[in-house]
Amino acid sequence: MNQFELSTTTSEETSQFAARLAGFLKPGDVIALEGDLGAGKTTFTKGLAKGLEIKKTVNSPTFTIIKEYRGKLPLYHMDVYRVADAFEDLGFDEYFEGNGVTVVEWAHLIEEQLPSERLTIFLYRDEGDKRKMVLTPKGERYEHLCKEIFR
Ligand SMILES: Nc1ncnc2c1ncn2[C@@H]1O[C@H](COP(=O)(O)OP(=O)(O)OP(=O)(O)O)[C@@H](O)[C@H]1O
């Protein structure tokens, strides 16, 4: 399995990388975003939103489950932690077929319901402000996308 890694030393750098990644995304793309508390998931998603030309402020979706933002492409930002068991029953899987880009936090809890093709991104805290990002593409489209980004 191909993996792509990078380290950032400031939140701006994480945000800028996400904004650049946004430029490669298409309707229906799914990003599974994982990382401990304070790893930078919200920072990353804010950067992605900037890259999608979303004007509204992106906040953590923990209490709202899902938030939709309008931009160059819509962004569906979801935290499935509290709905994992009922994910399909609640119809949340329909977002994956939508015209936007879906960012799923705690995605491993709905592994079975995730599209087989997706981009998984793990954020790890390192010393101080350093963060490691590990991107794992599943499927040809995302492999190609990662190769383009890391070229
Ligand atoms: N290199 C970095 N990349 C991302 N964030 C960084 C970095 N360095 C410092 N930070 C800071 O770490 C914090 C990350 O918080 P953020 O809310 O993005 O994390 P999170 O993974 O969404 O956490 P939570 O699960 O608690 O919502 C922010 O205060 C951010 O400014």
Side-chain angles (χ1 to χ4, degrees), residues 1-62 65-81 87 92-151:
M1 192 161 45
N2 265 341
Q3 284 197 334
F4 298 79
E5 282 188 29
L6 86 151
S7 285
T8 65
T9 51
T10 63
S11 53
E12 289 74 26
E13 233 184 290
T14 297
S15 168
Q16 274 164 21
F17 173 77
R20 199 165 78 80
L21 168 69
F24 291 85
L25 297 176
K26 288 187 188 156
D29 277 346
V30 175
I31 296 176
L33 189 58
E34 305 275 4
D36 290 338
L37 237 66
K41 301 181 295 295
T42 304
T43 304
F44 178 92
T45 310
K46 281 178 193 279
L48 196 83
K50 200 171 170 197
L52 293 174
E53 296 170 16
I54 287 160
K55 303 280 181 276
K56 269 199 173 173
T57 305
V58 169
N59 297 310
S60 167
T62 302
I65 315 292
I66 174 129
K67 281 198 182 170
E68 286 187 52
Y69 300 91
R70 243 180 302 168
K72 198 167 68 173
L73 289 177
L75 171 66
Y76 313 130
H77 187 199
M78 55 171 87
D79 180 334
V80 301
Y81 187 79
F87 187 77
F92 286 127
D93 53 321
E94 284 174 26
Y95 281 98
F96 300 144
E97 317 295 330
N99 293 321
V101 168
T102 310
V103 171
V104 190
E105 300 196 15
W106 289 92
H108 67 274
L109 296 178
I110 53 154
E111 173 95 41
E112 304 276 293
Q113 280 81 45
L114 288 174
S116 56
E117 301 215 341
R118 61 194 186 250
L119 178 61
T120 300
I121 302 180
F122 267 89
L123 293 169
Y124 298 100
R125 287 186 80 128
D126 210 329
E127 275 169 21
D129 285 352
K130 216 172 155 198
R131 302 288 189 275
K132 191 167 87 169
M133 279 193 238
V134 181
L135 285 75
T136 309
K138 274 202 160 190
E140 223 170 280
R141 150 135 184 82
Y142 295 103
E143 276 178 31
H144 180 72
L145 189 150
C146 284
K147 281 179 191 154
E148 285 287 301
I149 295 169
F150 285 88
R151 202 148 65 134

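Note that the structure is a prediction, hence the values are computed from the model and not measured.
- Between Thr8 and Thr14, the side chains place a donor N or O and an acceptor N or O closer than 3.5 Å (distance only, hydrogens not considered).
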side-chain contact (heavy atoms from CB on, under 4.5 Å) assessment of Met78 paired with Phe87:
CA-CA 11 Å; Met78 55 171 87; Phe87 187 77; 3.7 Å; yes
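- For NZ of Lys67, the number of neighbouring non-hydrogen atoms (other residues, nucleotides, ligands) closer than 6.0 Å is greater than 12.
- When the shell of 6.0 Å around CG of Asp126 is examined, it contains more than 12 heavy atoms from other residues, nucleotides or ligands.
- Between His144 and the options Glu140, Lys147, Glu148, a side-chain contact (heavy atoms from CB on, under 4.5 Å) holds for only Glu148.
- With rounding to the nearest 0.5 Å, the separation of NE2 in His77 from CD in Glu105 is 3.5 Å.
- Taken to the nearest 0.5 Å, the CG atom of Asp29 stands 11.5 Å off from the CG atom of Leu75.
- For the pair Glu143 and Pro137, the tightest heavy-atom approach, listed with the atom from each and the gap, is N-CB, 3.5 Å.
- With salt bridges taken as basic N to acidic carboxylate O contacts below 4.0 Å, one links Glu111 and Arg118.
- Here the shortest heavy-atom pairing between Ala107 and Ala32 reads CB-CB, 3.4 Å.
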I'd like to know whether Ile65 forms a side-chain contact (heavy atoms from CB on, under 4.5 Å) with Phe92, so could you lay out the CA-CA distance, the side-chain angles of the two residues, the decisive distance to 0.1 Å, and finally the verdict.
CA-CA 10 Å; Ile65 315 292; Phe92 286 127; 3.8 Å; yes
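- Residues Leu48 and Ile54 fail the side-chain proximity criterion, which asks for heavy atoms closer than 4.5 Å.
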Show your working on side-chain contact (heavy atoms from CB on, under 4.5 Å) between Phe44 and Leu123 and close with a plain yes or no.
CA-CA 9 Å; Phe44 178 92; Leu123 293 169; 4.2 Å; yes
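- Separation of atoms OG1 (Thr102) and CD1 (Ile66) is listed at 6.5 Å; rounding is to 0.5 Å.
- Note that the NE2 atom of His108 and the CZ atom of Phe122 stand 7.5 Å from one another [nearest 0.5 Å].
- The cationic group of Lys132 lies under 6.0 Å from the six-membered ring centre of Tyr124 and within 45° of the ring axis, placing it in a cation-pi geometry.
- Residue Lys56 places its NZ atom among 12 or fewer non-hydrogen atoms of other residues, nucleotides or ligands, all under 6.0 Å distant.
- In this structure, Phe24 CZ and Arg141 CZ are separated by 10.0 Å, a value rounded to the nearest 0.5 Å.
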Chi angles and distances behind the side chain to side chain donor-acceptor pair (under 3.5 Å) call for Asp129, Thr10
CA-CA 6 Å; Asp129 285 352; Thr10 63; over 6 Å; no
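- With Leu135 as the partner, the side-chain contact (heavy atoms from CB on, under 4.5 Å) test is satisfied by one option alone out of Asn2, Thr120, Leu119, Ile31: Leu119.
- Counting only distance, with no hydrogens or angles, the side chain of Lys55 and the backbone of Arg70 share no donor-acceptor pair below 3.5 Å.
- A distance-only check finds a donor-acceptor pair linking the side chain of Lys41 to the backbone of Gly35 [under 3.5 Å].
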In sequence, state the C-alpha distance, the side-chain angles, and the governing distance for Phe4 and Ile149, and then conclude on side-chain contact (heavy atoms from CB on, under 4.5 Å).
CA-CA 10 Å; Phe4 298 79; Ile149 295 169; over 6 Å; no
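- Note that OG1 of Thr45 is 5.0 Å distant from CG of Leu33, once rounded to the nearest 0.5 Å.
- Looking at Lys46, its side chain does come within 3.5 Å of a backbone N or O of Val58 through a donor-acceptor pair.
- Put simply, the side chain of Tyr95 does not reach to within 4.5 Å of the side chain of Val30, judged on heavy atoms.
- Smallest separation of non-hydrogen atoms from Thr42 and Asn59: CG2-C, 4.4 Å.
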